[in-house]
Amino acid sequence: MSYDIHGFPLKSGYCEVHPHVHQEYPCSLCYAEIEKHHRMKQEELRVSKAIQEERDASIGVIEQIGQEIYQSMKGFRVKNTHAKKCAINAVNLVLKSTDSSAKKMYYGKILAYIENLKV
């Protein structure tokens with residue numbers, strides 16, 4: 001005698017997973033659940049890929065802005081170390097003047113980039 005997944009006796013010609021469905025295993029509900037799971041996995045992969053692409057793009061922008069701020073602080077006869085200090089001060093002023101947590105995080109990353117520049 002066969003049993004369903006709940007341990008009850010299984011009627012002949014019924015699905016083991018969905019014992020109320022008069023189809024052999026795997027029934028149409030089994031296939032629908034598999035398809036739903038597959039679609040959800042595909043959507044998760046798509047969203048994950050989009051997030052990674054956005055993150056990669058933002059890193060490039062942060063490096064570019066950090067480099068631009070640093071370069072703009074280089075003046076006539078100014079040492080590179082002084083330009084780096086000026087760039088750090090400029091970013092710190094922006095951080096102090098904003099209340100937006102997103103801007104603070106963004107400029108915090110720029111600050112970290114500038115601080116890591118080798119001069």
Side-chain angles (χ1 to χ4, degrees):
M1 171 168 253
S2 299
Y3 295 92
D4 64 18
I5 62 169
H6 306 290
F8 298 111
L10 182 65
K11 297 176 191 172
S12 179
Y14 283 79
C15 179
E16 299 169 10
V17 178
H18 304 99
H20 59 282
V21 177
H22 188 59
Q23 295 174 356
E24 293 285 329
Y25 174 80
C27 69
S28 57
L29 286 178
C30 292
Y31 285 121
E33 288 175 356
I34 291 169
E35 180 61 29
K36 180 180 176 185
H37 178 73
H38 179 71
R39 278 194 314 269
M40 288 172 56
K41 275 296 209 192
Q42 292 298 319
E43 181 63 16
E44 286 174 11
L45 288 172
R46 187 189 67 74
V47 169
S48 175
K49 185 177 178 182
I51 289 171
Q52 185 62 41
E53 287 173 355
E54 186 175 312
R55 187 177 296 135
D56 291 346
S58 68
I59 288 171
V61 169
I62 286 170
E63 289 175 354
Q64 180 184 355
I65 292 173
Q67 196 61 263
E68 286 174 6
I69 291 173
Y70 173 68
Q71 292 298 328
S72 69
M73 293 298 162
K74 284 185 172 182
F76 183 68
R77 295 189 202 172
V78 175
K79 292 183 179 179
N80 289 346
T81 54
H82 183 68
K84 181 176 177 179
K85 288 177 187 174
C86 290
I88 290 171
N89 287 336
V91 174
N92 281 328
L93 286 173
V94 172
L95 284 170
K96 288 178 186 174
S97 67
T98 185
D99 292 334
S100 167
S101 61
K103 280 187 179 178
K104 284 184 179 185
M105 185 172 71
Y106 181 72
Y107 280 101
K109 290 179 182 178
I110 292 173
L111 179 63
Y113 175 79
I114 293 170
E115 288 173 343
N116 287 328
L117 284 175
K118 303 232 186 283
V119 290

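All values below were derived from every heavy atom in this structure, side-chain atoms included, with hydrogens, water molecules and symmetry-related copies excluded.
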Minimum heavy-atom distance between Val17 and Ile5, given as atom pair plus value: O-CD1, 3.9 Å

Inter-residue atom distance Leu45.CG - Lys49.NZ, 0.5 Å rounding: 10.0 Å

Cys27 versus His18, closest heavy-atom pair with distance: SG-ND1, 3.4 Å

Where Pro19 and Leu10 come nearest, the two heavy atoms and their spacing: CB-CD1, 4.4 Å

Among His38, Arg39, Arg46, the one residue meeting side chain to side chain contact (heavy atoms under 4.5 Å, CB included) with Gln42: His38

Heavy-atom check, side chain of Ser2 versus side chain of Glu16, under 4.5 Å: no

Residue of the set His20, His22, Glu24 for which side chain to side chain contact (heavy atoms under 4.5 Å, CB included) holds with Tyr14: His22

